Number of protein chains: 2
Amino acid sequence: MQDKLRRFKASCFQALAHPTRIAVVELLCAEGEVPVSRILEQLGLEQANASQHLSVLRARQIVTGRKSGNQVFYSLRDPILGKVLQLMRQYFESHLHESLEMLKGMETDGEAPK
Amino acid sequence: MQDKLRRFKASCFQALAHPTRIAVVELLCAEGEVPVSRILEQLGLEQANASQHLSVLRARQIVTGRKSGNQVFYSLRDPILGKVLQLMRQYFESHLHESLEMLKGMETDGEAPK
DNA sequence: TTAGTATATTCGCACATGCGAATATGAGCA
DNA sequence: TGCTCATATTCGCATGTGCGAATATACTAA
């Protein structure tokens, strides 16, 4: 069971391990139930891309979708995940400087200083 | 900044997105500062494998290593991560049944019923 | 029926990740 | 010096992930 719990946690973390999916969760957290179209416009995503990310979050049951007529409304399954994100923000802020350094060092992309 | 924060969260979640690394973090959370050898014996890991996972956690600054003579002692950088894991356990338990179903469905491996 | 809008799925490709095997580094000791 | 323990890094390979393009599905309206 210990092991199942760890696999569960790992799979949740993996579902959250992408900036776009974090943004989606934050949006749902802030606005409650929203249609996909709202997610698209708010985050500026490609339709297919968003749908793929939503599919990941759905598979992990982090969000649930409710079909209504033509559209699908998504919402967070459990607000506790909002708390998790908030803790992460707290963590980020209490190590602000190193965290920024870490991000800088981690991304090979960035502003390519030619 | 919003975006940096999301990338930061995502990279932390990614670091935690593996059962072995979860186990390591939990161990450090429970026992404080421990040498790598302790991690190996406690979790039954290959030495190289453990070192790779530790390297991921180090890169994300989730753990820090202190060299002392022959060995390296690791510890959690911030106990707030323990809180995050605890929240996840709470989340897991409050959706116990579906969570187990999800795990079952997610793993192609499992007990291979021939 | 046909057309249109909203969302999901599949495909192919580039890139990341996890693993064990082998090798490297580095400290302490003979 | 050379040897050994503790840990880290590199390599090759299999598998996973993220993306846009194309396609599919499902509902609505006419």
Side-chain angles (χ1 to χ4, degrees), chain A residues 3 6-7 10-25 27-28 33-75 103 105-110, chain B residues 3 6-7 10-24 27-28 33-75 105-110:
Chain A
D3 185 53
R6 283 198 203 105
R7 288 209 303 270
S11 80
C12 285
F13 285 135
Q14 181 165 25
L16 294 173
H18 194 284
T20 298
R21 291 194 295 264
I22 302 256
V24 169
V25 170
L27 183 66
L28 297 183
E33 199 188 48
V34 304
V36 176
S37 54
R38 172 85 183 135
I39 299 177
L40 296 185
E41 71 169 28
Q42 195 66 14
L43 306 181
L45 302 175
E46 292 272 324
Q47 184 269 321
N49 190 6
S51 201
Q52 289 172 123
H53 284 302
L54 284 170
S55 157
V56 171
L57 293 171
R58 242 187 303 122
R60 272 35 183 259
Q61 304 190 177
I62 287 171
V63 304
T64 50
R66 180 180 62 86
K67 227 169 171 167
S68 171
N70 215 0
Q71 20 186 34
V72 179
F73 291 80
Y74 279 93
S75 52
L103 279 179
M106 189 167 313
E107 283 147 22
T108 316
D109 50 303
Chain B
D3 186 52
R6 284 198 202 105
R7 288 210 302 270
S11 80
C12 285
F13 285 136
Q14 182 166 27
L16 294 173
H18 194 284
T20 298
R21 293 194 292 264
I22 302 256
V24 169
L27 183 66
L28 297 184
E33 199 188 48
V34 303
V36 176
S37 53
R38 171 87 182 132
I39 299 176
L40 296 184
E41 72 170 27
Q42 195 66 14
L43 305 180
L45 301 175
E46 293 271 324
Q47 184 270 320
N49 190 4
S51 201
Q52 288 173 124
H53 284 303
L54 284 170
S55 157
V56 172
L57 293 171
R58 242 187 302 120
R60 270 32 183 261
Q61 304 189 178
I62 287 171
V63 304
T64 51
R66 180 180 62 88
K67 228 169 173 167
S68 170
N70 215 0
Q71 18 187 35
V72 179
F73 291 79
Y74 279 94
S75 52
M106 190 167 313
E107 283 146 25
T108 316
D109 48 304

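Remember, predicted model here, so these are calculated numbers, not experimental data. Per chain, numbering begins at 1; letters A, B, ... match sequence-line order.
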A.B. asks: What is the separation between atom CG on Leu57(B) and atom C1' on dT7(D), rounded to the nearest whole Å?
C.D. replies: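 Nearest whole value for this atom pair: 15 Å.
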A.B. asks: Please state how far atom CZ in Phe73(A) lies from atom P in dT7(C), giving the value in whole angstrom units.
C.D. replies: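 These atoms are roughly 8 Å apart.
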A.B. asks: Ignoring backbone atoms, test whether Gln71(B) places a side-chain nitrogen or oxygen under 4.0 Å from the OP1 or OP2 oxygen of dG28(C).
C.D. replies: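 For dG28(C), OP1/OP2 do not have a side-chain N/O of Gln71(B) under 4.0 Å.
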A.B. asks: Determine: side-chain N/O of Gln52(A) to OP1/OP2 of dT7(C), distance under 4.0 Å, yes or no.
C.D. replies: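 False: Gln52(A) side-chain N/O out of range (4.0 Å or more) of dT7(C) OP1/OP2.
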A.B. asks: Kindly say if His18(B) contacts the phosphate of dC19(C), meaning a side-chain N or O under 4.0 Å from OP1 or OP2.
C.D. replies: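 Checking His18(B) against dC19(C): at least one side-chain N or O falls below 4.0 Å of OP1 or OP2.
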A.B. asks: How many whole angstroms separate atom CD1 of Ile22(B) from atom P of dG18(C)?
C.D. replies: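 From Ile22(B) CD1 to dG18(C) P: 12 Å.
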A.B. asks: If every non-hydrogen atom of Leu28(B) is compared with every non-hydrogen atom of Tyr74(B), which pair is closest and at what distance?
C.D. replies: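 Heavy atoms of Leu28(B) and Tyr74(B) come nearest at CD2-O, 3.5 Å.
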A.B. asks: Ignoring backbone atoms, test whether Arg21(A) places a side-chain nitrogen or oxygen under 4.0 Å from the OP1 or OP2 oxygen of dT17(D).
C.D. replies: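 For Arg21(A), the contact criterion (side-chain N or O under 4.0 Å from OP1 or OP2 of dT17(D)) is not met.
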A.B. asks: Give Arg38(A) one of three labels, base, sugar-phosphate or nothing, depending on what nucleic acid heavy atoms sit under 4.0 Å from its own.
C.D. replies: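 Since no nucleic acid heavy atom lies under 4.0 Å of Arg38(A), the category is nothing.
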A.B. asks: Quick check against the 3.5 Å criterion: does Arg21(B) have a side-chain atom that pairs as donor or acceptor with the backbone of Ala10(A)?
C.D. replies: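 Pair absent, no side-chain N/O of Arg21(B) close to backbone of Ala10(A).
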A.B. asks: Does His53(B) place a side-chain N or O at less than 4.0 Å from the phosphate oxygens OP1/OP2 of dT17(C)?
C.D. replies: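 So the side-chain polar atoms of His53(B) never come under 4.0 Å of the phosphate oxygens OP1 or OP2 of dT17(C).
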A.B. asks: Is the His53(A) ring parallel, tilted or perpendicular to the His18(A) ring (thresholds 30°, 60°)?
C.D. replies: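 Geometry flag for His18(A) against His53(A): tilted rings.
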A.B. asks: Grab the CG-P distance between Leu43(B) and dC19(C) for me, whole Å please.
C.D. replies: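 Checked: the CG to P distance equals 13 Å.
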A.B. asks: When you measure only distances, ignoring hydrogens and angles, does the side chain of Gln47(A) come within 3.5 Å of the base of dA8(C) through a donor and an acceptor?
C.D. replies: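 Between dA8(C) and Gln47(A), which were checked side chain against base, a qualifying N/O pair under 3.5 Å is present.
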A.B. asks: When you match Glu46(A) and Ala50(B) each to their closest nucleotide on DNA chain D, which lands nearer the 5' end?
C.D. replies: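 Of the two residues, Ala50(B) wins.
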A.B. asks: Rounding to an integer number of Å, can you tell me how far Leu54(A) CG sits from dG18(D) P?
C.D. replies: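 That distance rounds to 13 Å.
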A.B. asks: Any heavy-atom pair between the side chains of Asp3(A) and Arg7(A) that's under 4.5 Å?
C.D. replies: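 A side-chain contact exists here, since the closest heavy-atom pair is under 4.5 Å.
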A.B. asks: Among the nucleotides dG20(D), dG18(D), dT7(D), which one has an atom lying closest to any side-chain atom of Asn49(A)?
C.D. replies: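 Looking only at heavy atoms from C-beta outward on Asn49(A), the closest nucleotide is dG20(D).
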A.B. asks: Side-chain contact test, heavy atoms from C-beta onward, threshold under 4.5 Å: evaluate it for Arg60(B) versus Val56(B) and give yes or no.
C.D. replies: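 In contact.
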A.B. asks: Consider the side chain of Ala48(B), meaning its heavy atoms from C-beta on, and name the nucleotide among dT7(C), dA22(C), dG20(D) that approaches it most closely.
C.D. replies: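 The nucleotide sitting nearest to the side chain is dA22(C).
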A.B. asks: Leu40(A) has an atom CG; how far is it from atom P of dT5(C), in whole Å?
C.D. replies: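 Rounded to whole Å, this separation is 15 Å.
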A.B. asks: So which heavy atom on Gln47(B) is nearest to which on Leu40(B), and how close?
C.D. replies: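 Taking every non-hydrogen atom into account, CA-CD2, 3.9 Å.
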A.B. asks: Is the phosphate of dA8(D), meaning OP1 or OP2, less than 4.0 Å from a side-chain N or O of Tyr74(B)?
C.D. replies: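 Answer is yes, contact under 4.0 Å.
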A.B. asks: If I take atom CD1 in residue Ile39(A) and atom C1' in nucleotide dA6(C), what distance separates them, rounded to the nearest angstrom?
C.D. replies: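 Between C1' of dA6(C) and CD1 of Ile39(A): 13 Å.
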A.B. asks: What contact category does Asn70(A) fall into here, base, sugar-phosphate, or nothing, at under 4.0 angstrom with non-hydrogen atoms?
C.D. replies: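 Since a base atom lies under 4.0 Å of Asn70(A), the category is base.
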A.B. asks: On DNA chain C, check which nucleotide each of Pro35(A) and Lys67(B) is closest to and give me the residue with the more 5' one.
C.D. replies: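 By nearest-heavy-atom nucleotide position, the 5'-most residue is Pro35(A).
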A.B. asks: What does Ser37(A) touch in the nucleic acid at a heavy-atom separation under 4.0 angstrom: a base, only the sugar-phosphate, or nothing?
C.D. replies: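 Answer is sugar-phosphate: Ser37(A) comes under 4.0 Å of backbone atoms only.
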